[in-house]
Amino acid sequence: MLAAHRNRRRTSPLQDAEHHISCKTDKTGLQEKFINKYKGRGVFSSEAFFRGDFVLEYRGELISQESLAPAEVYSEVQNTFLFDFQWHGKHWCMDASKEDGSLGRLVNDEHKNPTCKMRIITVNQQPHLCLFAVQDIKPGEEITYSYGDSDWPWRAKRSSPAPVTATSSSSSSLPVRKRSSPAPVTATSSSSSSSPVRKKFITCPCDCYIILILIFTCEETFITCPCDCYIILILIFTCEETFITCPCDCYIILILTCEETFITCPCDCYIILILTCEETFITCPCDCYIILVLILTC
Ligand SMILES: C[S@@+](CC[C@H](N)C(=O)[O-])C[C@H]1O[C@@H](n2cnc3c(N)ncnc32)[C@H](O)[C@@H]1O
């Protein structure tokens, strides 16, 4: 299992995402299935995925705030495929309403125990919405993520299902996950709600402010930016694959600045990690080289 894991991780999840973004292809090991009249189609794994793996891109047409058509222009069904999000301080919409055969647009909502989480990945100065596994996914499991905190009708009405395209409610309560309430693509990680989370404004050489929340276990690290903008870093590594080690099975919080990083670790260890953009898959929106010196102390 571990050997297989290591082999799969020769390409980092972020590199894997970037590759599939560039090729505009979905990964193998996924398939569309019709679930029922209520839920419609869904995406299922046909191969195992590991926690942290890149799974799918939510591909569509990227529309900027300025050229965003009013919601009424879209039919109710089309509206369910619009994904609003914030990036670089602006409002954007990923319009996946065209049946283009891609799988990302077919991933259903699961807010209690999602298998994936949506993150923004920047490639060629363009934002891309990508799903990453937040738990190991066995073959045959449905790929899901949380659409956000809205009162989606299906969350309340599980016992009395309605057809997937039908709604009797007003437009504000349509199953439009994105228009009415942008999904928090930069929300906190999938770790348990009791995980420690600390926020800090940090300064970047490009003069922007970035908030990073880093939560990691010995096996993997998610870095997310809760300010809806600028940067999402995803570091995924295992103790064996990288030169970072954590002797305990604990959560660690990193607070990064472009110049320095302080890591607080609840265990009694000292770790030094030096990353450069060239050696790792960390990128900065200002296209500069970042050298992170991470000194872990307790
Ligand atoms: C982006 S589409 C997902 C693909 C959709 N199932 C289909 O067949 O086209 C979003 C729509 O799927 C349905 N949906 C998503 N998650 C659901 C869930 N957990 N239970 C029931 N329906 C869901 C809702 O109708 C929602 O408006």
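Read the numbers this way: they start at 1 and go in the same order the structure lists the ligands and their atoms. Computed from a prediction, not measured in an experiment: that's the story for all the values here. These numbers come from the heavy atoms of this one structure, side chains and all, not from hydrogens, waters or symmetry mates.
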Student: For Glu110 and ligand 1, does the shortest N/O to N/O distance drop below 3.5 Å?
Tutor: no

Student: Should Asp26 and Arg59 count as an ion pair when the cut-off is N to O under 4.0 Å?
Tutor: yes

Student: If we ignore angles and hydrogens, is there a donor and acceptor under 3.5 Å between the side chains of Trp152 and Asp109?
Tutor: no

Student: Fit a plane to each ring of Phe85 and Trp92, take the angle between them on a 0 to 90° scale, and name the class: parallel (under 30°), tilted (30 to 60°) or perpendicular (over 60°).
Tutor: parallel

Student: Answer yes or no: does an N/O atom from Lys39 fall short of 3.5 Å to an N/O atom of ligand 1?
Tutor: yes

Student: Give the atom numbers and elements of ligand 1 that come within less than 4.0 Å of a heavy atom of Arg105.
Tutor: 1 (C), 2 (S), 3 (C), 4 (C)

Student: Are Tyr147 and His111 close enough that some pair of their side-chain heavy atoms sits under 4.5 Å apart?
Tutor: no

Student: List the residues meeting side chain to side chain donor-acceptor pair (under 3.5 Å) with Asn108, not counting sequence neighbours, and say none if there are none.
Tutor: Glu142

Student: Show which atoms of ligand 1 fall inside a sub-4.0 Å distance from at least one heavy-atom site of Gly40.
Tutor: 8 (O)

Student: Hey, does Tyr147 sit under 4.0 Å from ligand 1 if you only count heavy atoms?
Tutor: yes

Student: By number and element, which atoms of ligand 1 are closer than 4.0 Å to a non-hydrogen atom of Thr80?
Tutor: 1 (C), 27 (O)

Student: By salt bridge (charged side-chain N to carboxylate O under 4.0 Å, His left out), which residues pair with Glu66, not counting sequence neighbours?
Tutor: Lys90

Student: Which of these, Tyr38, Phe81, Trp154, has its nearest heavy atom closest to atom 18 (C) of ligand 1?
Tutor: Trp154

